[in-house]
Amino acid sequence: MSTAQQPENKGQQTRTVSELVEDIQALTTEIQELYCLDAIPWVVGYSGGKDSTATLQLVWNAISGLPPEKLTKAIYVITTDTLVENPIVAAWVRNSLKKMEFEAQAQGLPFKPHLLQPDFKETFWVGLIGKGYPAPRGKFRWCTERLKINPSNRFIRDVIRTNGEAIVILGTRKAESTRRASRMRKLEAMRVRDRLSPNMNLPNSLIYSPIEDWQNDEVWIYLMQWENPWGYSNKDLFSMYRGASADNECPLVVDTSTPSCGSSRFGCWVCTLVSQDKSLAAMIQNDEEKEWMQPLLDFRKELDAEETRDRRDFRRRNGDVQLYERNLEGEISIEPIPGPYLKEAREDWLRKLLTVEKQIGQTAPENMRDITLITLEELSEIRRIWLEERHEFDDSLPRIYEEVTGEKFKDPRPGADLSLLGSDEWSVLEEVCADDSMHLELVSKLLSTEWQFRKKTKRVGIYETLEKCFNTSSRSPEEAIKNAHLKRDLREAVSQGDVATVREKVKQLSLADFAAPNTQREATEPDIKAKAWANKKFKNREPNP
C-alpha cells in the first residue's frame with residue numbers, strides 16, 4: 001500500500017493512503033456536525049497556498065453534502081492582500097476568489113469571499129517611504145501586524161460585533177515547524193472539543209484547525225486526488241509550487257523514498273525577514289516567461305543590503321537621540337540608534353520603485369501589465385506625511401512622479417495642492433541656510449507649523465508645537481549626541497547613588513533637559529515651565545492652573 005511520506009516529523013509513524021481517506025471522511029462528518037451545532041458564523045482564512053486550499057476544500061466538500069435547509073449561516077472566506085505580494089500568487093488568489101464567489105452562488109452554498117487590504121496609512125510603502133522606517137528586520141518587524149494581522153482582525157471583529165461570536169478556520173499544521181507545534185499543543189489543554197481552540201488574540205472567537213495533524217505530503221495527495229470544488233485547478237497550484245522550487249521538482253508522493261514538495265513559501269516580494277526570496281528567484285530561474293519579475297528581485301536585494309548610516313537620521317522619529325551599545329570588532333561603542341531614512345533616501349526609494357513599476361509595465365505579459373506596485377492612495381499619504389509631519393514643503397513627490405512616469409500626479413486628497421509654501425521657497429531657504437542641515441530643518445518646521453495652524457479655526461497648542469521644533473532641531477548632531485551621552489551618564493550616576501557625578505552632569509545639561517531625575521535636581525518644574533518658550537512670548541500672562 002502506498003504511504004504518505006512525512007519528512008517534517010521523521011519520528012512519527014506514517015499513515016497509509018487508505019488511513020488518510022478514513023481521516024478525511026471523519027473530518028467531513030465532524031465539519032458537518034460543527035456547522036449544524038449552532039448559529040455562530042465561520043471565517044475561513046485563505047491565502048491561496050496548499051494548506052489553506054486543502055482546508056477550504058475540506059470545508060466546501062463537507063458543507064456541500066448538507067441539505068439546503070441546513071445551510072443557515074454564512075461562511076466568510078477572507079484573504080489579505082498586503083499589496084506587496086508575489087505578483088503571480090496575488091493574481092492567482094484574486095482569480096480564485098472570483099471563481100469561488102461565482103461557484104458558491106451557482107451551487108447555492110453560503111461561502112462569501114472577501115479580499116482584504118491594509119489601511120492605506122499602514123501599508124509597506126507608507127511605512128518605508130513615507131515615515132522612513134528601515135526595511136524590516138528581526139528586531140524591528142514593523143510590517144507583519146500592519147499588513148496581515150490588522151486587516152483580518154478588523155474583519156473578524158466586525159463579524160463578532162454583529163453576531164456575538166465567530167469560529168475562525170485555519171490551515172495551520174503542527175508539522176510546519178516545531179515552534180508552531182509547540183504553540184498548538186499549549187492550546188490543546190484549553191480546547192472545548194477536538195481541533196477547536198480558544199483564540200488568544202480575539203475574545204469571543206474560537207480557532208478550528210481540521211488538518212493540524214496532516215503532513216506535507218498528505219496535503220498534496222488530497223489536493224491531487226480530490227477535485228477542487230469551486231472549479232479551480234489544483235494541478236496549476238502544484239505547478240506554481242514546483243516552479244518556485246530551486247530544482248523545479250515537486251513530485252507526487254507515492255512512497256517514503258519520494259522527495260517532498262512544499263518548501264516553497266510564497267510571501268511579500270519585499271520581505272527582508274528571510275535571507276533571500278527563494279520562491280521568486282526560482283520562478284524566474286525556471287521559467288523564461290517570468291523573467292519580467294527580475295527588477296522586483298533586484299529591488300528587494302537593495303532593500304536587504306546593509307544600510308549606510310548616512311542615509312538614516314541620528315534621531316528617532318520623535319526627535320529623541322537614543323543610545324545603544326554597539327560591538328565594533330570586539331570593542332563596545334556607545335552610539336545613537338539609527339532613526340528613519342533621511343529625506344534624500346526616501347526620495348531615492350520612491351524614484352526607484354516608480355522606475356521598477358514602469359519597467360514591469362513594459363515587459364510583463366499582457367495579462368500582468370496593469371500591475372500596480374504602489375497605489376495612488378499610498379502616494380497621497382506619503383505626500384501628506386512629507387508635507388505635514390516632516391515639514392518638507394518643497395513637495396518633491398509630484399515632481400519625482402512626473403519625472404519617472406511622464407504623467408502629472410493627481411492627488412485624490414481634497415485641498416492637497418493648496419499651500420503658500422513650495423519648491424521656490426524651499427530653494428531660497430536652502431540658499432540662506434547654506435550647508436547647515438539642522439538650521440534648514442528648524443526653519444522649515446517653524447514655517448510649516450505656522451502655516452498648518454493658520455488653517456485652523458483655533459490655534460490651541462501652537463506654542464507647544466513650536467517649542468517641540470526647537471527641542472528636536474535646534475542643536476547640531478554633535479551637540480545633540482553629546483547631550484544624550486550626558487543624560488545617559490546622569491541616569492547611571494543616579495542609579496548608583498553617585499551624588500557628586502550627578503551634580504557635575506546636571507551643570508552640563510541645558511535647562512530644557514531637566515525632565516527625568518527627581519534626585520539632586522537644581523531646577524524645579526515651575527522654574528522650567530516659567531522659562532519655557534511659550535511663556536517668554538507672553539510674560540504677563542498668568543500660567544494656567
Side-chain angles (χ1 to χ4, degrees), residues 84 122-144 146-147 268 270-273 275 298-329 331-354 374 378 381-394 396-397 400 426 430 433 435-442 444-445 448 468-469 471-485 487-488:
V84 283
E122 294 188 333
T123 66
F124 183 84
W125 298 122
V126 168
L128 188 132
I129 298 177
K131 298 177 182 178
Y133 292 155
R137 293 290 186 270
K139 294 184 179 180
F140 188 37
R141 191 169 180 160
W142 56 267
C143 55
T144 305
R146 290 174 171 86
L147 304 187
C268 303
V270 294
C271 185
T272 50
L273 295 171
S275 58
D298 295 338
F299 189 97
R300 186 239 172 237
K301 288 178 181 177
E302 285 195 59
L303 280 177
D304 200 27
E306 185 175 352
E307 276 293 337
T308 54
R309 290 176 173 245
D310 59 0
R311 289 170 59 89
R312 304 270 295 277
D313 202 329
F314 68 94
R315 300 156 297 181
R316 310 307 296 270
R317 285 196 76 237
N318 61 4
D320 289 343
V321 179
Q322 296 183 8
L323 305 176
Y324 77 115
E325 295 183 356
R326 187 184 183 196
N327 192 327
L328 292 176
E329 299 179 355
E331 294 186 5
I332 300 299
S333 174
I334 309 299
E335 299 181 6
I337 298 175
Y341 288 123
L342 294 171
K343 183 177 188 292
E344 294 76 14
R346 287 182 274 113
E347 291 175 345
D348 182 53
W349 284 126
L350 175 62
R351 186 175 287 104
K352 288 177 177 177
L353 178 63
L354 291 173
I374 183 169
E378 290 176 283
E381 177 62 11
I382 290 170
R383 185 189 188 194
R384 186 199 66 78
I385 292 171
W386 288 5
L387 286 170
E388 298 181 7
E389 297 181 17
R390 307 301 298 178
H391 305 286
E392 296 162 354
F393 56 77
D394 61 323
S396 60
L397 187 143
I400 294 172
W426 187 270
E430 282 183 316
C433 296
D435 296 328
D436 192 337
S437 60
M438 295 305 294
H439 190 195
L440 172 63
E441 179 182 293
L442 175 60
S444 66
K445 281 185 175 181
S448 178
K468 185 178 179 181
C469 296
N471 291 340
T472 59
S473 305
S474 60
R475 294 188 180 99
S476 69
E478 294 76 19
E479 292 172 334
I481 294 171
K482 179 182 178 182
N483 209 54
H485 278 278
K487 289 194 282 187
R488 182 178 186 273

- Message: I'd like to know whether R311 forms a side-chain contact (heavy atoms from CB on, under 4.5 Å) with D348, so could you lay out the CA-CA distance, the side-chain angles of the two residues, the decisive distance to 0.1 Å, and finally the verdict.
- Response: CA-CA 10 Å; R311 289 170 59 89; D348 182 53; 3.6 Å; yes
- Item | Full working for salt bridge (Lys or Arg N to Asp or Glu O under 4.0 Å) between E441 and K445 | CA-CA 6 Å; E441 179 182 293; K445 281 185 175 181; 3.6 Å; yes
- Task: Test side-chain contact (heavy atoms from CB on, under 4.5 Å) on L128 and V270 and set out the steps.
- Result: CA-CA 11 Å; L128 188 132; V270 294; over 6 Å; no
- Item | Evaluation steps, side-chain contact (heavy atoms from CB on, under 4.5 Å), between S473 and R315 | CA-CA 10 Å; S473 305; R315 300 156 297 181; 3.9 Å; yes
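Smallest separation of non-hydrogen atoms from F314 and P336: O-CB, 3.6 Å. The minimum heavy-atom distance between G132 and R346, with the atom names listed, is CA-CD, 3.8 Å. Taking all atoms of both residues into account, the shortest heavy-atom contact from L147 to F124 is CD2-N, 3.5 Å. Across every non-hydrogen atom of L387 and S448, the tightest pair is O-OG, 3.6 Å. Of all heavy-atom pairs spanning S444 and W426, the tightest one is CB-CZ3, 3.7 Å. The shortest heavy-atom contact between S476 and M438 is CA-CG, 4.1 Å.
Looking at L342 and S437, their side chains never come closer than 4.5 Å, going by heavy atoms from C-beta outward. Side-chain contact between N483 and V321 is absent, with no heavy-atom pair separated by less than 4.5 Å.
To the nearest 0.5 angstrom, H485 atom NE2 is 7.0 Å from I334 atom CD1. I332 CD1 to N327 CG: the interatomic distance, rounded to the nearest 0.5 Å, is 4.5 Å. Atom CD of E392 is separated from atom CG of L440 by 9.5 Å, given to the nearest 0.5 angstrom. Note that CZ of R300 and OG1 of T272 are 6.5 Å apart. Values are rounded to the nearest 0.5 Å. Here NZ of K352 is found 11.0 Å from CG of D298. Values are rounded to the nearest 0.5 Å. Taking SG of C271 as the reference point, atom CZ of R141 lies at 7.0 Å (rounded to 0.5 Å).
The backbone N or O of G339 sits less than 3.5 Å from a side-chain atom of R312, completing a donor-acceptor pair. Using modelled atom types, no side-chain atom of R146 and backbone atom of T123 make a donor-acceptor pair closer than 3.5 Å. A donor-acceptor pair under 3.5 Å is absent between the side-chain atoms of R383 and the main chain of L397, judged by distance alone. Although no hydrogens or angles enter the test, the distance criterion places no donor-acceptor pair under 3.5 Å between the side chain of W349 and the main chain of W125.
A 6.0 Å sphere centred on NZ of K343 holds more than 12 heavy atoms belonging to other residues, nucleotides or ligands. D435 CG: 12 or fewer foreign heavy atoms inside a 6.0 Å radius.
Judged as a salt bridge (Lys or Arg N to Asp or Glu O under 4.0 Å), the pairs with a partner in residues 126-140 (not counting sequence neighbours) are, in order, R137-D304.
Ion pairing between a basic and an acidic side chain is recognised when a charged N comes within 4.0 Å of a carboxylate O; D320 and K487 show no such pairing. A salt bridge is absent between K482 and E479; no separation between the charged side-chain nitrogens and carboxylate oxygens falls under 4.0 Å. Between R326 and E335 there is a salt bridge, with a side-chain nitrogen of the basic residue lying less than 4.0 Å from a carboxylate oxygen of the acidic one.
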